[in-house]
Amino acid sequence: MPLRSKLPDTGTTIFTVMSALAQKHGAINLSQGFPNFDPDPRLRAMVTAAMEASHNQYAPMQGLPELREVLAQKILHLYGCQVSPEHEITITAGGTQAIFTAVGAVIQPGDEALVFDPSYDCYAPSVRVFGGIPKAIPLHGPDFRIDWAFVEKNINAKTRLIFINTPHNPLGRAFTEQDIRSLERIVAAHDLYVVSDEVYEHIIFDGLQHQSMLKSEVLSKKSFAIYSFGKLVHATGWKVGYCVAPAELMMEFRKIHQFNVFAVNRPMQHALAEYLGNAATYSGLSAFFEKKRDYFTEQMSDTGFHFLPCEGSYFVLADYSALSDLDDMTFAQTLTSQGGVATIPLSPFYANPIKGQRIVRFCFAKTDETLAKAAELLKGVQRVE
């Protein structure tokens, strides 16, 4: 009997495709979301010290107690929320694994999950793998704000879960307090669970405050809040993150986690516990990346790209209508091969791409030298055919 695929329409991710194309053509890679600079040397030294101290065997399934204690203090400091390090925090192999595991803890075959379109590309496939049905809720430009009345119209007896991502990848938009109030009402009225992707919690701009599910008494009881150390310490390749959820939800989360990953990289956990004990290690992250956002968009001011608002994350969207009539996939590929700069088309983030929308995503988590060089190349692009 031939193997029956659970994801028959799923191919290689757009991030892999564009990064490979950038490498092939020697283009500057502003596509895939990773910094091109190293973590703090002190943190790297702490990892080395942990390995030298023989912290090289399995960590506890839940994560090191000392790291979970530090995170509980961080959450209390930032969001005024008391969580149990023992029962409500689990260290994961990155944010994506935490999302997959949270979906598995909630979704039964036939359940529906609301996914805002466009979205990070792991949400819908995770739902499908567990027999659920992702239901796309389109967000429309140029502001891409959520119409909560429309959301509620799409809820039915099968709706079990809603995905939240703030600050949002790829849109760069951030939740407001009004968004939180609207979500509270909907979650309470329809008894929904929330998978809240908050991996860019510390990268939010223009004086805005991160609206975490953990700040809400209503939402914190129904949410799996997902975080990433990779975004926090400029080390995406370490693939370490964590999930915060009420004890009864975390119990189900850990049942899947233990048979999926079981334990996460131990030396990194020791180092992160020591490093994050000082709040100064993450308190300046928003200002650091806001400066990069402003530098990049200023350098790009003489190009044909029109930048959309970016309130958080290290991505900014740009409309290229003045440069080309090509669809976004063809435009991104051509810009990489002929213009020397790789970007990401917006359409792969959609279940139902919007026809005629000409938008690409740039990653500005790069050195100023790299950003300036990319902008200089793009200033020479007059037309892409």
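As a basis for the values below, the full set of heavy atoms in this structure was taken, side chains included, without hydrogen atoms, waters or symmetry mates.
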> Under the side chain to side chain donor-acceptor pair (under 3.5 Å) criterion, do Asp179 and Thr176 qualify, and how do the steps go?
Replying inline: CA-CA 5 Å; Asp179 287 318; Thr176 65; 3.2 Å; yes
> After noting the C-alpha distance and the side-chain angles of Glu311 and Arg145, does the key distance pass the salt bridge (Lys or Arg N to Asp or Glu O under 4.0 Å) rule?
Replying inline: CA-CA 12 Å; Glu311 298 166 331; Arg145 287 301 184 190; 2.9 Å; yes
> Does the side chain to side chain donor-acceptor pair (under 3.5 Å) test come out yes or no for Glu369 and Thr367, once each step is laid out?
Replying inline: CA-CA 5 Å; Glu369 179 184 15; Thr367 63; 4.9 Å; no
>> Please evaluate residues Glu52 and Thr48 with respect to the criterion side chain to side chain donor-acceptor pair (under 3.5 Å), reporting the C-alpha separation (whole Å), side-chain torsions for both, the decisive distance (0.1 Å), and the verdict.
In response: CA-CA 6 Å; Glu52 293 296 332; Thr48 300; over 6 Å; no
>> Before you tell me yes or no, could you show the steps for Ile186 and Leu192 under side-chain contact (heavy atoms from CB on, under 4.5 Å), namely the whole-Å CA-CA distance, both residues' side-chain angles and the distance that decides it to 0.1 Å?
In response: CA-CA 8 Å; Ile186 287 175; Leu192 302 182; 4.0 Å; yes
>> Before you tell me yes or no, could you show the steps for Gln211 and Lys215 under side-chain contact (heavy atoms from CB on, under 4.5 Å), namely the whole-Å CA-CA distance, both residues' side-chain angles and the distance that decides it to 0.1 Å?
In response: CA-CA 7 Å; Gln211 300 298 325; Lys215 294 169 68 173; 4.0 Å; yes
>> salt bridge (Lys or Arg N to Asp or Glu O under 4.0 Å) for Asp40 and Arg42? Distances and angles first, verdict last.
In response: CA-CA 5 Å; Asp40 187 337; Arg42 293 189 305 113; 3.5 Å; yes
> Under the side chain to side chain donor-acceptor pair (under 3.5 Å) criterion, do Ser347 and Asp328 qualify, and how do the steps go?
Replying inline: CA-CA 7 Å; Ser347 60; Asp328 62 350; 2.8 Å; yes
>> Would Arg68 and Glu88 count as a salt bridge (Lys or Arg N to Asp or Glu O under 4.0 Å) here? Give the steps.
In response: CA-CA 9 Å; Arg68 288 182 281 127; Glu88 299 181 325; over 6 Å; no
>> Using the rule given for side-chain contact (heavy atoms from CB on, under 4.5 Å), can you reason through Val360 versus Phe305, listing the C-alpha separation, both sets of side-chain angles and the distance that settles it, and then say yes or no?
In response: CA-CA 9 Å; Val360 291; Phe305 291 94; 4.2 Å; yes
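The pair Lys373-Glu376 does not count as a salt bridge, with every side-chain nitrogen at least 4.0 angstrom from each carboxylate oxygen. In summary, Lys292 and Asp368 engage in a salt bridge, as defined by a charged side-chain N under 4.0 Å from a carboxylate O. Looking at Arg293 and Asp206, a side-chain N of the basic residue comes within less than 4.0 Å of a carboxylate O on the acidic one, giving a salt bridge. Ion pair Lys158/Glu112 not flagged as a salt bridge, since none of the NZ, NE, NH1 or NH2 atoms sits closer than 4.0 Å to an Asp/Glu carboxylate oxygen. At a threshold of 4.0 Å, the pair Glu201-Lys231 does not count as salt-bridged, since none of the basic side-chain nitrogens sits closer than that to a carboxylate oxygen. Using a 4.0 Å cut-off between charged side-chain N and carboxylate O, Arg383 and Glu385 make a salt bridge.
In this structure, Phe259 places its CZ atom where only 12 or fewer heavy-atom neighbours from other residues, nucleotides or ligands lie under 6.0 Å away. For Glu298, the CD atom counts as loosely surrounded, since its 6.0 Å shell holds 12 or fewer non-hydrogen atoms of other residues, nucleotides or ligands. Within 6.0 Å of CD in Gln23 there are 12 or fewer heavy atoms belonging to other residues, nucleotides or ligands. Surrounding CD of Gln258 are more than 12 heavy atoms belonging to other residues, nucleotides or ligands, all under 6.0 Å away. Counted within 6.0 Å of CE on Met61, heavy atoms from surrounding residues, nucleotides or ligands total more than 12; the atom is thus considered enclosed. Residue-environment remark: NZ (Lys379) exceeds the threshold of 12 foreign heavy atoms within 6.0 Å.
For the pair Lys222 and Tyr193, the distance from NZ or CZ to the six-membered ring centre is under 6.0 Å and the angle to the ring normal is within 45 degrees. Note that Lys291 lies outside the cation-pi zone of Phe296, set by a 6.0 Å cut-off to the ring centre and a 45° limit from the axis. Cation-pi geometry between Arg361 and Phe315 is met: the NZ or CZ atom falls under 6.0 Å from the ring centre, inside 45° of the normal.
Side-chain atoms of Ser220 come within 3.5 Å of backbone atoms of Ser216 as a donor-acceptor pair (strictly under, hydrogens ignored). Not a single donor-acceptor pair under 3.5 Å links the side chain of Thr166 to the backbone N or O of His168. With hydrogens and angles disregarded, a donor-acceptor distance shorter than 3.5 Å links the side chain of Asn56 to the backbone of Met51. Of the possible donor and acceptor atoms, none in the side chain of Arg160 sits under 3.5 Å from a partner among the backbone N and O of Ala113. A donor-acceptor pair is defined here as one N or O able to donate and one able to accept, closer than 3.5 Å; such a pair exists between the side chain of Gln269 and the backbone of Val264. Counting only distance, with no hydrogens or angles, the side chain of Tyr350 and the backbone of Ser119 share no donor-acceptor pair below 3.5 Å. Checking side-chain atoms of Arg44 against main-chain N and O of Pro39 turns up a donor-acceptor pair under 3.5 Å. The closest donor-acceptor contact from the side chain of Ser223 to the backbone of Ala225 lies at 3.5 Å or more, if one exists at all. Between the side chain of Asn165 and the backbone N or O of Pro167 there is at least one donor-acceptor pair closer than 3.5 Å. Using a distance-only test at 3.5 Å, with no hydrogens or angles considered, a donor-acceptor pair links the side chain of Ser286 to the main chain of Ile204.
One distance of note links CG of Asp319 with CZ of Arg358; it measures 8.5 Å at 0.5 Å rounding. If you take OG1 on Thr281 and CG on Leu43, they are separated by 9.0 Å, rounding to the nearest 0.5 Å. Between the SG atom of Cys81 and the CG atom of Leu76 there is a distance of 8.0 Å, given to the nearest 0.5 Å. Residue Ile162 holds its CD1 atom at 5.5 Å from CG of Leu183, rounded to the nearest 0.5 Å. Expressed to the nearest 0.5 Å, how far CZ of Phe362 lies from CD1 of Ile344 amounts to 11.0 Å.
Linking ILVMFWY side-chain heavy atoms closer than 4.5 Å, directly or via other members, places Phe288 and Val316 in a single hydrophobic cluster. When hydrophobic clusters are built by joining Ile, Leu, Val, Met, Phe, Trp and Tyr residues whose side-chain heavy atoms come closer than 4.5 Å, directly or via intermediates, Ile256 is not grouped with Ile91.
Inspection of the Tyr227 and Ser212 side chains reveals an N or O donor paired with an N or O acceptor under 3.5 Å. In summary, the side chains of Asn36 and Thr370 do present a donor paired with an acceptor at a separation below 3.5 Å, with no hydrogens or angles considered. In the model, Ser196 has a side-chain atom that pairs as donor or acceptor with a side-chain atom of Glu198 under 3.5 Å. Remark: the His87 side chain and the Gln62 side chain contain no N/O donor-acceptor pair separated by less than 3.5 Å.
Annotation: side chain of Thr336 is not in contact with side chain of Val341 (no heavy-atom distance under 4.5 Å). Asn265 has its side chain out of reach of Trp238: every pair of non-hydrogen atoms, C-beta onward, lies at least 4.5 Å apart.
Between Tyr282 and His202, the ring planes are tilted. Angles from 30° to 60° get that label. Aromatic ring orientation, Phe205 versus Phe364: tilted (interplanar angle from 30° to 60°). Classified by interplanar angle (parallel below 30°, tilted 30° to 60°, perpendicular above 60°), the ring pair Phe130/Phe100 is tilted. Relative orientation of the Phe15 and Tyr120 rings is tilted, given thresholds of 30° and 60° on the angle between their planes.
The only member of Phe34, Phe229, Phe289 that meets ring-ring contact (aromatic ring centres under 6.0 Å, His included) when paired with His234 is Phe289.
Two rings, from Phe163 and Tyr123, have their centers less than 6.0 Å apart.
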